Student: 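Mind looking over this structure? Questions follow.
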Amino acid sequence: MQLSARELAAILGGTVEGNPEIKINRPSKIEEGGEGSISFLGNPRYEAYAYQTTASILLVNRQFQPRQEINATLIRVDDVYAAIAILLQHFGAPEKPEGVIAKEAAIHDSVSVGERTSVGRFSTLEEGVAIGSDSVIADQVYVGKGVQIGCNVFIHPGVKILKDCRIGDNCVLHANVVIGGDGFGFAPQADGTYQKIAHVGNVIIEADVEIGANTTIDRGTMGSTIIRSGVKIDNLVQIAHNVEIGKNTVIAAQTGVAGSTKIGQSCRIGGQVGFAGHLTIADGTEIQAQSGLASSVQSPNTQLFGTPAIGYKEYIRSYAVFKKLPDLYKRLFQLEKKINQGLNGNE
Amino acid sequence: MQLSARELAAILGGTVEGNPEIKINRPSKIEEGGEGSISFLGNPRYEAYAYQTTASILLVNRQFQPRQEINATLIRVDDVYAAIAILLQHFGAPEKPEGVIAKEAAIHDSVSVGERTSVGRFSTLEEGVAIGSDSVIADQVYVGKGVQIGCNVFIHPGVKILKDCRIGDNCVLHANVVIGGDGFGFAPQADGTYQKIAHVGNVIIEADVEIGANTTIDRGTMGSTIIRSGVKIDNLVQIAHNVEIGKNTVIAAQTGVAGSTKIGQSCRIGGQVGFAGHLTIADGTEIQAQSGLASSVQSPNTQLFGTPAIGYKEYIRSYAVFKKLPDLYKRLFQLEKKINQGLNGNE
Amino acid sequence: MQLSARELAAILGGTVEGNPEIKINRPSKIEEGGEGSISFLGNPRYEAYAYQTTASILLVNRQFQPRQEINATLIRVDDVYAAIAILLQHFGAPEKPEGVIAKEAAIHDSVSVGERTSVGRFSTLEEGVAIGSDSVIADQVYVGKGVQIGCNVFIHPGVKILKDCRIGDNCVLHANVVIGGDGFGFAPQADGTYQKIAHVGNVIIEADVEIGANTTIDRGTMGSTIIRSGVKIDNLVQIAHNVEIGKNTVIAAQTGVAGSTKIGQSCRIGGQVGFAGHLTIADGTEIQAQSGLASSVQSPNTQLFGTPAIGYKEYIRSYAVFKKLPDLYKRLFQLEKKINQGLNGNE
């Protein structure tokens with residue numbers, strides 16, 4: 001695919017400054033560039049690269065004022081990052097499903113597969129599975145009994161979706177994701193052993209959800225573990241039984257959410273965060289990486305940090321003093337000494 | 001499956017209060033309920049739901065005293081949670097193996113498979129594998145040379161068990177678990193590179209162990225990594241080479257145990273906990289989520305928290321002051337000022 | 001394989017003390033031993049075992065002075081650990097590829113496979129894949145379009161390598177690793193939803209890299225995520241888009257590195273460490289387990305600990321006072337009281 005600056009400006013709603021006929025065939029990073037590539041200046045930290053880049057076209061913000069000459073043709077847009085997202089969709093669009101059902105797949109007679117949907121090699125679709133149109137089930141995927149998958153879904157290689165779970169339209173499940181494993185529930189017995197609690201629930205993933213590689217989402221003990229529409233979950237995340245994640249919440253890698261916790265809408269959760277079970281987290285909560293949530297969050301849009309998590313600013317301020325604790329300790333000690341001497345001296 | 005209150009009471013060792021002939025066909029959560037479902041009141045926090053639930057039957061503790069009228073028929077039991085575990089086993093019993101060896105499986109001639117054991121599609125059983133009776137090897141499972149698997153074992157889709165490892169009776173390995181990868185051992189060389197240390201040991205998993213999805217357990221460098229009977233391990237946990245986990249210990253999600261550490265019996269370990277290598281952790285140790293164990297634990301039944309972990313109560317007390325550190329710092333500063341002035345004034 | 005003490009001493013550059021003709025056929029741990037095994041004393045903590053071991057041969061350091069009689073024949077070497085590495089390579093050498101292309105593999109006509117390379121059952125090699133000689137692609141592996149894999153590479157069962165990624169010579173990828181999933185990049189929209197940013201880059205893994213089970217390495221948004229030669233990565237690690245890991249750096253289990261962070265050469269990174277995005281970490285940095293890196297590290301060979309990470313020694317000193325905070329708080333309070341009284345008394 002080759003596009004001219006003029007064509008790109010039309011696609012991106014931008015204006016050309018330089019040669020409108022110059023053509024590119026790929027995106028590049030500003031520090032790599034290369035003839036025939038389009039690069040971008042988003043973060044002002046990288047401005048120096050704008051004057052050196054060998055990219056043919058450079059995307060910049062509408063109000064950008066170059067302080068030196070730039071060789072590349074500029075396209076000015078309202079929002080560089082939004083423009084990149086559109087641009088990358090042109091160059092990185094996932095392959096359209098070819099509607100091929102691999103002969104090496106094991107598909108139960110009762111399965112229904114929508115139009116143009118592909119099923120890959122060495123994949124299993126069990127009894128009662130239903131998949132909408134325009135979806136891709138890649139190779140080595142397992143889809144258990146009664147699972148329902150929507151339209152325009154992409155299930156990457158090695159994903160395992162266990163029985164009765166549901167995947168909404170436009171979802172992307174990355175490689176080796178596991179949906180619907182049993183929750184971690186055991187009843188302690190008098191002799192110190194644990195009896196497994198059977199898990200009769202399922203996982204419901206609504207539309208427009210993306211789930212990163214090797215992430216695990218357990219089924220409900222009873223009822224459902226629910227991932228609401230628009231949620232984005234990174235790699236190696238653990239979502240336990242009966243958790244609910246609110247609409248448009250984003251969760252970075254290696255975070256874990258324990259059983260029955262309900263996270264609100266539009267939360268932003270850093271990597272390696274841990275949530276205890278049975279919590280309720282208000283909408284718009286922002287949680288710094290590696291924090292540990294031990295109690296519920298009532299007020300929307302709270303910013304949190306630490307284990308157990310407290311206000312972000314409070315944590316930062318306390319941690320600033322934490323770093324000085326040895327000094328503080330010494331000063332306290334000296335003060336004690338001084339006082340005892342001083343006061344004694346006054347007796 | 002449909003059961004009457006009378007039948008359920010018999011199964012659960014409980015007593016009926018209400019209509020003994022009312023029938024249910026599924027468990028439900030107390031806040032969801034629904035006609036024909038049985039729900040339960042375990043945690044007193046949820047008592048309000050007991051007066052609203054539309055479930056046909058409600059399981060409660062023997063001593064529960066309702067403060068309002070309850071529509072559901074009650075079954076009183078000694079331990080609600082134990083009763084639920086029994087109940088869910090009736091409704092959520094894993095499917096019995098059908099004794100079907102899929103024609104799409106790759107099974108070496110030397111493999112022995114017990115009665116009623118199933119082997120799924122696209123699974124590989126290498127030379128010398130032996131599997132007991134009543135087990136399920138699901139689809140896309142890899143079982144390496146010489147692996148021995150017991151009776152009544154359930155190996156979920158995508159699990160990889162590498163050569164010479166052993167899995168005891170009644171174990172459950174969830175999807176995409178990896179058993180027997182090489183440990184992380186490298187000998188530093190003079191030129192800054194690392195030479196791989198070969199791992200000639202294996203993994204031994206005793207009976208009644210459950211291992212969560214995408215968890216990894218490495219083989220011993222020499223000798224075995226050992227998971228004792230009754231251990232329950234959650235999703236995405238890392239167990240390194242030559243670790244030993246004692247009987248009936250439970251480990252929550254995303255915890256990591258470094259090489260050669262020995263964890264005692266009946267420990268309860270939270271999520272995202274980290275253990276350094278070569279530690280010994282006493283029986284009954286309880287470790288709060290996200291703690292980091294840097295040294296051994298000698299006394300049984302210790303409760304720990306923090307990184308590096310200290311006594312649970314000590315951590316909580318110190319953390320309470322941590323939150324006040326900016327104030328404490330200011331007060332110290334003021335005190336210093338006051339004293340210097342005050343004492344000076346007395347000179 | 002059976003070797004005499006004499007032969008072993010020749011292989012390991014050591015000297016025999018005892019019976020040079022005694023033979024062993026396996027390595028063992030010093031506390032397990034057994035006739036016909038060779039064990040070793042590396043860590044002086046285990047010296048007591050040297051006097052009890054039933055191993056036939058014991059590897060010890062050149063300068064080791066036994067304080068009691070030892071039954072085993074000794075082999076003295078300059079570096080016990082280096083000798084073990086060599087020894088284990090003799091006993092634990094990975095099986096040589098047999099050059100068998102399984103008939104149950106799905107291989108595109110355009111794929112090129114080098115001499116003596118094996119391809120396992122239920123594995124898929126897509127269009128344009130090229131694999132060097134002496135490599136093993138185990139069972140249930142997925143290799144996407146255009147992927148290039150070097151010589152003497154071992155890809156364990158269940159690994160997924162997505163399109164256009166590159167794996168250098170002598171690499172080992174453990175079971176269920178995912179290479180080349182999309183990065184976690186989404187452009188926030190005015191209505192609170194997120195638009196997926198397509199990822200058009202790839203992952204480049206240079207030579208001599210080992211990657212642990214269930215680890216995930218995302219492709220670059222544009223350009224590459226790069227793992228330099230000699231890097232060793234443990235299990236369940238997350239490497240985000242456009243990260244670069246320098247030569248010979250080792251990363252322990254469950255660590256996560258956010259997007260575009262560049263880690264230097266010969267760093268040693270503990271388990272469960274987290275790195276924010278867009279950081280630069282100097283060569284030789286050592287980071288204690290569970291630390292959180294929120295800012296770049298400029299000076300080589302820095303030792304760090306804590307969240308956010310500070311100097312290792314500073315953290316340890318501050319944490320020592322943290323443990324005394326309740327006491328410190330009380331003392332400050334008493335001092336305040338005393339002063340107020342004392343100074344008042346002087347007024």
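These numbers were taken from a predicted model, which means no experiment stands behind them.
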Student: Apply ring-ring contact (aromatic ring centres under 6.0 Å, His included) to A/Y315 and B/F322, showing your working.
Tutor: CA-CA 9 Å; A/Y315 186 86; B/F322 171 83; 5.5 Å; yes
Student: Using non-hydrogen atoms and a 4.5 Å limit, figure out which bit of B/I30 sits close to chain A: side chain, backbone, both or neither.
Tutor: neither
Student: Is A/Q290 in contact with chain B via its backbone, its side chain, both, or neither, using a 4.5 Å heavy-atom distance?
Tutor: backbone
Student: Nearest 0.5 Å please: distance from the CG atom of B/L12 over to the CG atom of B/L3.
Tutor: 9.0 Å
Student: Pick out which of A/D182, A/D218, A/N242, A/T221 makes a side chain to side chain donor-acceptor pair (under 3.5 Å) with A/H199.
Tutor: A/T221
Student: Tell me, out of A/G192, A/A276, A/A258, A/G220, who's got the most heavy-atom pairs with chain B below 4.5 Å.
Tutor: A/G192
Student: What's the separation between atom CG in A/L173 and atom OG1 in A/T215, rounded to the nearest 0.5 Å?
Tutor: 9.5 Å
Student: Select one option (side chain, backbone, both, neither) describing which atoms of A/V257 are under 4.5 Å from chain B's heavy atoms.
Tutor: neither
Student: Tell me, for B/E32 versus chain A, whether the close heavy atoms (under 4.5 Å) come from the side chain, the backbone, both or neither.
Tutor: side chain
Student: Out of A/R317, A/R331, A/Q334, return the one with the most heavy atom pairs under 4.5 angstrom to chain B.
Tutor: A/R331
Student: Using non-hydrogen atoms only, which part of A/P188 is less than 4.5 Å away from chain B: side chain, backbone, both, or neither?
Tutor: neither
Student: Could you tell me which of A/E314, A/Q195, A/E104, A/Q189 has the largest number of non-hydrogen atom pairs under 4.5 Å with chain B?
Tutor: A/Q195
Student: For A/F186, is it the side chain, the backbone, both, or neither that has a heavy atom closer than 4.5 Å to a heavy atom of chain B?
Tutor: side chain
Student: Between A/G292, A/G223, A/A187, A/G181, which shows the greatest number of heavy-atom pairs under 4.5 Å with chain B?
Tutor: A/G292
Student: Considering only NZ, NE, NH1 and NH2 on the basic side and carboxylate oxygens on the acidic side, decide whether B/E206 and B/R228 come within less than 4.0 Å.
Tutor: yes
Student: Could you check whether any side-chain heavy atom of A/F275 comes within less than 4.5 Å of a side-chain heavy atom of A/I269, counting everything from C-beta outward?
Tutor: yes
Student: Around atom NZ of A/K262, are there more than 12 heavy atoms of other residues, nucleotides or ligands at under 6.0 Å?
Tutor: yes
Student: Pick whichever of B/S266, B/A213, B/A102 has the most heavy-atom pairs under 4.5 Å with chain A.
Tutor: B/A213
Student: Does any heavy atom of chain B fall under 4.5 Å from the side chain of A/A190, the backbone, both, or neither of them?
Tutor: neither
Student: At a heavy-atom distance under 4.5 Å, which candidate from A/Q140, A/M222, A/K196 has the highest pair count against chain B?
Tutor: A/M222
Student: Which region of A/S260, side chain (C-beta onward) or backbone (N, CA, C, O), has a non-hydrogen atom less than 4.5 Å from a non-hydrogen atom of chain B, or is it both or neither?
Tutor: neither
Student: Is A/V273 in contact with chain B via its backbone, its side chain, both, or neither, using a 4.5 Å heavy-atom distance?
Tutor: backbone
Student: Do you know which of B/V250, B/I84, B/D79, B/I316 has the most heavy-atom pairs with chain A at a distance under 4.5 angstrom?
Tutor: B/V250
Student: Just so I understand: if I count every heavy-atom pair under 4.5 Å between each of A/T193, A/T307, A/V237 and chain B, which residue has the most?
Tutor: A/T307
Student: Between A/E126 and B/R121, is there a side-chain N and carboxylate O pair less than 4.0 Å apart?
Tutor: yes
Student: At a heavy-atom separation under 4.5 Å, does B/Y329 approach chain A through its side chain, its backbone, both, or neither?
Tutor: both
Student: Can you tell which part of B/L335 gets under 4.5 Å to a heavy atom of chain A, answering side chain, backbone, both or neither?
Tutor: both
Student: Between B/D234 and chain A, with a heavy-atom cut-off of 4.5 Å, which part of the residue counts as in contact: side chain, backbone, both or neither?
Tutor: both
Student: Give the C-alpha distance, both sets of side-chain angles, the deciding distance and a yes or no for side chain to side chain contact (heavy atoms under 4.5 Å, CB included) between A/I263 and A/V243.
Tutor: CA-CA 8 Å; A/I263 297 180; A/V243 164; 5.5 Å; no
Student: So do the side chains of A/I197 and B/Y81 get within less than 4.5 Å of each other, counting heavy atoms only?
Tutor: no
Student: How long is the gap from CD1 on B/I155 to OH on B/Y142, to the nearest 0.5 Å?
Tutor: 14.5 Å
Student: Between B/F122 and B/P157, is any pair of side-chain heavy atoms under 4.5 Å apart?
Tutor: no
Student: B/L332 versus chain A, heavy atoms under 4.5 Å apart: side chain, backbone, both or neither?
Tutor: both
Student: Can you spot which of A/L125, A/I101, A/V147 makes a side-chain contact (heavy atoms from CB on, under 4.5 Å) with A/V111?
Tutor: A/L125
